[in-house]
J.: 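Below: one structure in structure tokens.
If you're wondering where the values come from, they're calculated on a predicted model, not measured in any experiment.
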Amino acid sequence: MSLTLSLSGLSLKLTKFTDNKLPRAVIDPYAGLEYSIFGTPIGDGSLFEPKFVWATTAFIDKDQERLIGAIYAEFDRLRRTQPYQSANILLIDANQEYQEKLPRTRALAPDTTEQLVGATHVSYFAQFYVWMVKPPEFVENGIWRTVTLTLQETNRVL
């Protein structure tokens, strides 16, 4: 299990997390269900595919802390000075597979394969473009250091 962040020749692989919860979650708005005055169900929700957010805390060493700091500094510089997509951080999520109807719409994580689910769906570790929507938060706990990251999906990696 791992999350890998890459930007402008800087790359970091996180493999030791502080809990067992998988960090990827769907951002609101979720699908909703209302009922008419007659009790008829009425579906609600966005028409576009929901985006994801990763909120996680990982154990790191001092070198990894420096690398995360450099990735954030480069992201923030690009965000402020370049077109929107230049600031995209490549995130390889090897923690949780992504499932969808065939054909696959996202890039596979390196060194992985897709798995068919029935005859119509696929499951695989995917790549995403993300932004750091909060600066990384570092904590020192004696011999351990941790980083808390909040990453939000921007576009698909094709």
Side-chain angles (χ1 to χ4, degrees), residues 1-32 45-79 82-139 144-158:
M1 291 187 17
S2 66
L3 293 176
T4 303
L5 303 171
S6 299
L7 178 66
S8 299
L10 301 168
S11 186
L12 170 74
K13 186 173 189 175
L14 299 172
T15 59
K16 297 176 183 154
F17 301 93
T18 60
D19 62 32
N20 294 326
K21 181 181 177 210
L22 297 174
R24 187 175 73 218
V26 174
I27 299 173
D28 288 335
Y30 301 111
S46 67
L47 298 179
F48 61 88
E49 182 179 341
K51 301 291 186 183
F52 295 104
V53 64
W54 290 257
T56 191
T57 302
F59 293 107
I60 57 170
D61 61 29
K62 187 65 177 164
D63 290 337
Q64 290 172 313
E65 180 181 344
R66 290 183 189 111
L67 193 50
I68 293 167
I71 290 171
Y72 179 76
E74 180 65 5
F75 157 76
D76 194 50
R77 183 189 71 78
L78 291 170
R79 179 195 61 78
Q82 303 292 318
Y84 162 77
Q85 292 187 354
S86 298
N88 281 341
I89 298 168
L90 179 65
L91 172 68
I92 299 170
D93 185 347
N95 277 338
Q96 184 176 3
E97 290 186 348
Y98 180 76
Q99 294 83 28
E100 64 182 333
K101 186 173 175 79
L102 285 166
R104 180 172 46 78
T105 63
R106 298 171 185 272
L108 281 172
D111 302 319
T112 66
T113 58
E114 60 187 50
Q115 302 296 316
L116 288 177
V117 180
T120 59
H121 288 72
V122 65
S123 183
Y124 58 97
F125 292 114
Q127 300 181 45
F128 302 85
Y129 285 128
V130 298
W131 274 27
M132 286 190 183
V133 294
K134 292 171 59 175
E137 298 173 16
F138 299 101
V139 175
W144 296 105
R145 292 176 184 268
T146 61
V147 62
T148 299
L149 297 172
T150 306
L151 310 162
Q152 187 169 329
E153 182 181 18
T154 60
N155 308 40
R156 288 183 186 193
V157 179
L158 304 175

J.: Can you find a pair of side-chain heavy atoms, one from Ile27 and one from Phe52, that are under 4.5 Å apart?
T.: no
J.: List the steps, then state whether side-chain contact (heavy atoms from CB on, under 4.5 Å) holds for Gln85 with Thr154.
T.: CA-CA 8 Å; Gln85 292 187 354; Thr154 60; over 6 Å; no
J.: Quick one: does Arg145's side chain have a donor or acceptor within less than 3.5 Å of a partner on Glu65's backbone?
T.: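 No; zero donor-acceptor contacts below 3.5 Å.
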J.: Going by atom types alone, do Thr113 and Gln115 pair a side-chain donor with an acceptor below 3.5 Å?
T.: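 Checked: Thr113/Gln115 side chains pair up, N/O donor to acceptor below 3.5 Å.
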J.: Is there a side-chain contact (heavy atoms from CB on, under 4.5 Å) between Asp19 and Thr57 once you walk through the steps?
T.: CA-CA 8 Å; Asp19 62 32; Thr57 302; over 6 Å; no
J.: Which heavy-atom pair separates Val147 from Pro136 by the least distance, and what is that distance?
T.: CG2-CB, 3.8 Å
J.: Does any non-hydrogen side-chain atom of Leu149 lie less than 4.5 Å from one of Tyr72?
T.: no
J.: Can you check whether Phe128 reaches Leu151 side chain to side chain, under 4.5 Å on heavy atoms?
T.: no
J.: Given the rule in the side-chain contact (heavy atoms from CB on, under 4.5 Å) test, do Leu12 and Thr4 qualify, once you have shown the distances and angles that lead to the verdict?
T.: CA-CA 6 Å; Leu12 170 74; Thr4 303; over 6 Å; no
J.: As an exercise, state the distance from NZ of Lys21 to OG1 of Thr56, rounded to the nearest 0.5 Å.
T.: 9.0 Å
J.: Contact between Phe17 and Leu3 at the side-chain level, heavy atoms closer than 4.5 Å - yes or no?
T.: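 SC-SC contact between Phe17 and Leu3 confirmed.
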J.: Hey, are the side chains of Val157 and Asn88 touching, using non-hydrogen atoms and a 4.5 Å cut-off?
T.: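 No, too far: nothing below the 4.5 Å cut-off.
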J.: CD1 of Ile71 to OG of Ser8: how many Å apart, nearest 0.5 Å?
T.: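 Going from the CD1 atom of Ile71 to the OG atom of Ser8 covers 9.5 Å.
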J.: Can you name the closest pair of heavy atoms from Phe75 and Met132 and give their distance?
T.: CE2-O, 3.4 Å
J.: Exactly one of Glu97, Glu114, Glu153 should register a salt bridge (charged side-chain N to carboxylate O under 4.0 Å, His left out) with Arg106. Which one does?
T.: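 It is Glu153, the one option of Glu97, Glu114, Glu153 that forms the salt bridge (charged side-chain N to carboxylate O under 4.0 Å, His left out) with Arg106.
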J.: Supply the atom-to-atom distance Glu137 CD to Ile68 CD1, rounded to the nearest 0.5 angstrom.
T.: 12.0 Å
J.: Measure the spacing between CD1 of Ile89 and OH of Tyr129 and express it to the nearest 0.5 Å.
T.: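 Here the rounded value is 12.0 Å.
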J.: Can you name the nearest heavy-atom pair linking Ile60 to Gln64, along with the distance?
T.: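 Heavy-atom minimum between the residues: CA-OE1, 3.1 Å.
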J.: For a quick test of reading the model, state the closest non-hydrogen atom pair linking Ser86 to Leu78 and the distance between them.
T.: O-CD1, 3.3 Å
J.: Applying side-chain contact (heavy atoms from CB on, under 4.5 Å) to Met1 and Leu22, what does each step give before you reach the verdict?
T.: CA-CA 10 Å; Met1 291 187 17; Leu22 297 174; 4.0 Å; yes
J.: Would you name the heavy atoms of Ile92 and Pro110 that are closest together and state the gap between them?
T.: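 Nearest pair, atom of Ile92 first, then Pro110: CD1-CD, 3.6 Å.
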J.: Using side chain to side chain donor-acceptor pair (under 3.5 Å) as the criterion, point out the one residue from Gln99, Arg104, Glu100 that pairs with Tyr124.
T.: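 Result for side chain to side chain donor-acceptor pair (under 3.5 Å) with Tyr124: Glu100.
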J.: So, taking the atom named CZ in Phe125 and the one named CD in Gln96, what distance separates them when rounded to the nearest 0.5 Å?
T.: 9.0 Å
J.: How many angstroms lie between CG in Asp93 and CD in Gln127, if you round to the nearest 0.5 Å?
T.: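 Taking CG in Asp93 and CD in Gln127, the distance rounds to 10.5 Å.
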J.: Can you give me the closest heavy-atom contact between Thr146 and Phe59, atom names plus distance?
T.: CG2-CD2, 3.7 Å
